[in-house]
*Asks:* 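Got a structure for you, questions after.
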Amino acid sequence: MITMKDIVREGHPALTKVSEEVELPLSTANKDLLQEMIQFLKNSQNEEIAKKYDLRAGVGLAAPQLGINKKLMAIYFQDENGKLYEYGLANPKVVSHSVGKAYLSGGEGCLSVDRHVEGYVPRHARITLRATDMDNNPVSLRLKGYPSIVFQHEVDHLNGIMFYDHINKDNPFEVPENARPIE
Ligand SMILES: Cc1nc(NNC(=O)[C@H](CC2CCCC2)CN(O)CO)c(F)c(N2CCN3CCOC[C@@H]3C2)n1
Ligand code: NI
């Protein structure tokens, strides 16, 4: 099972590399890896298991955070309406996005960053993301609000981008032009 010792921390070269696309159809190894990544997220959100294995809670995880520079990412959370987002995705790509921006009002963190970095992380408010799922089916997701932010954080990891790269150095809490806060 994946635990925190498997997650590389800032300074590790895997986090700032552009990862490679994976061959399709997904190999058994890559399918198993996506499954393990989803299981880590489920474990991290289970109070007992998280306590037992000292897991930090996560709603998304990208393969580079395991030192694996492949375009693989896992998502697991429920949105405010209780809709479940459970995905293991290969070669995700933001194919279109809104002009408008959005940001989490509480800022962002990262399982690969062992420090608090304050400030708003401006992202596209709405995106259309294309990828291949664990069953080798093409997926096209239109995302907004909290889900849109989570997916963008993970896709960034596959391109070697950390959340703090988006924070305004001079004024971390500057609200970007036509951006909306997401609670
Ligand atoms: C927002 C949030 N970020 C948590 N952690 N950070 C992460 O997931 C990092 C990725 C997120 C950081 C900002 C956007 C994406 C991991 N990253 O580094 C991967 O690249 C949470 F854990 C969390 N939630 C809310 C839902 N809750 C359900 C019940 O269980 C606890 C869980 C806590 N919300
Ligand atoms: Ni992260």
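For the single chain, residues carry numbers from 1 onward in sequence order.
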*Asks:* Could you state the interatomic distance from CG (Leu66) to CG (Leu61), rounded to the nearest 0.5 Å?
*Replies:* 5.0 Å
*Asks:* More than 12 heavy atoms of other residues, nucleotides or ligands under 6.0 Å from CZ of Arg56: yes or no?
*Replies:* yes
*Asks:* Are His153 and Cys110 packed together at the side-chain level, in the sense that at least one heavy-atom pair is separated by less than 4.5 angstrom?
*Replies:* yes
*Asks:* For Glu118 and Ile167: C-alpha separation, side-chain torsions, deciding distance, then whether side chain to side chain contact (heavy atoms under 4.5 Å, CB included) applies.
*Replies:* CA-CA 8 Å; Glu118 63 173 24; Ile167 298 174; over 6 Å; no
*Asks:* Under a 4.5 Å cut-off applied to non-hydrogen side-chain atoms, are Val117 and Met162 in contact?
*Replies:* no
*Asks:* Using the rule side chain to side chain donor-acceptor pair (under 3.5 Å), only one of Glu10, Arg9, Gln65 pairs with Ser112; which is it?
*Replies:* Gln65
*Asks:* With sequence neighbours left out, which residue pairs that include part of residues 10-58 fulfil the ring-ring contact (aromatic ring centres under 6.0 Å, His included) condition?
*Replies:* none
*Asks:* Can you check side chain to side chain contact (heavy atoms under 4.5 Å, CB included) on Glu108 and Arg123, steps first, answer last?
*Replies:* CA-CA 11 Å; Glu108 295 187 16; Arg123 294 188 184 279; 2.8 Å; yes
*Asks:* Report yes if the side chains of Tyr164 and Val121 come closer than 4.5 Å at any heavy-atom pair, otherwise no.
*Replies:* no
*Asks:* Do side-chain atoms of Asp6 reach the backbone of Thr3 as a donor and acceptor pair under 3.5 angstrom?
*Replies:* yes
*Asks:* Evaluate the criterion side chain to side chain contact (heavy atoms under 4.5 Å, CB included) for residue pair Glu86 and Ile38; output intermediate values, then yes/no.
*Replies:* CA-CA 8 Å; Glu86 179 174 1; Ile38 292 171; 3.6 Å; yes
*Asks:* What do you reckon, is NZ of Lys93 surrounded by more than 12 foreign heavy atoms closer than 6.0 Å?
*Replies:* no
*Asks:* Can you spot which of Val139, Asp133, Thr132 makes a side-chain contact (heavy atoms from CB on, under 4.5 Å) with Asp135?
*Replies:* Asp133
*Asks:* Check whether Arg142 reaches the backbone of Ser140 with its side chain - one donor and one acceptor, N or O, closer than 3.5 Å.
*Replies:* no
*Asks:* Given 3.5 Å as the limit, does a donor-acceptor pair link the side chain of Gln45 with the main chain of Gly58, or not?
*Replies:* yes
*Asks:* Report the distance from atom CG of Leu26 to atom NZ of Lys31, rounding to the nearest 0.5 Å.
*Replies:* 7.0 Å
*Asks:* Give the C-alpha distance, both sets of side-chain angles, the deciding distance and a yes or no for side chain to side chain contact (heavy atoms under 4.5 Å, CB included) between Thr128 and Val94.
*Replies:* CA-CA 6 Å; Thr128 300; Val94 175; over 6 Å; no
*Asks:* Going by atom types alone, do Ser148 and Gln152 pair a side-chain donor with an acceptor below 3.5 Å?
*Replies:* yes
*Asks:* Using a distance-only test with no angle check, is there a side-chain donor-acceptor pair under 3.5 angstrom linking Asn43 and Gln39?
*Replies:* yes
*Asks:* Anything under 30° is parallel, anything over 60° is perpendicular, the rest tilted; go ahead and classify His124 against His97.
*Replies:* parallel
*Asks:* Output yes when a side-chain donor or acceptor of Asn159 lies under 3.5 Å from a complementary backbone atom of Val155, and no otherwise.
*Replies:* yes
*Asks:* Please round to the nearest 0.5 Å and tell me the distance separating atom CG of Asp156 and atom NE2 of His166.
*Replies:* 3.5 Å
*Asks:* Going from CZ on Arg180 to OG on Ser98, what distance comes out if it is rounded to the nearest 0.5 angstrom?
*Replies:* 10.0 Å
*Asks:* Got a second to check how far Leu72's CG is from Asn30's CG, nearest 0.5 Å?
*Replies:* 5.0 Å
*Asks:* Between Asn69 (side chain only) and Glu20 (backbone N and O only), is there a donor and an acceptor less than 3.5 Å apart?
*Replies:* no
*Asks:* To the nearest 0.5 Å, how far apart are NZ in Lys71 and CG in Leu158?
*Replies:* 6.5 Å
*Asks:* Is the shortest side-chain heavy-atom distance between Leu84 and Tyr76 below 4.5 Å?
*Replies:* yes
*Asks:* Please verify the inter-ring angle class for Tyr85 with Phe77; under 30° counts as parallel, over 60° as perpendicular, anything in between as tilted.
*Replies:* parallel
*Asks:* With sequence neighbours excluded, tell me which residues meet side-chain hydrogen bond (donor to acceptor under 3.5 Å, both in side chains) with Lys144.
*Replies:* none
*Asks:* Spell out, as yes or no, whether a donor-acceptor pair under 3.5 Å connects the side chain of Ser105 to the backbone of Pro181.
*Replies:* no
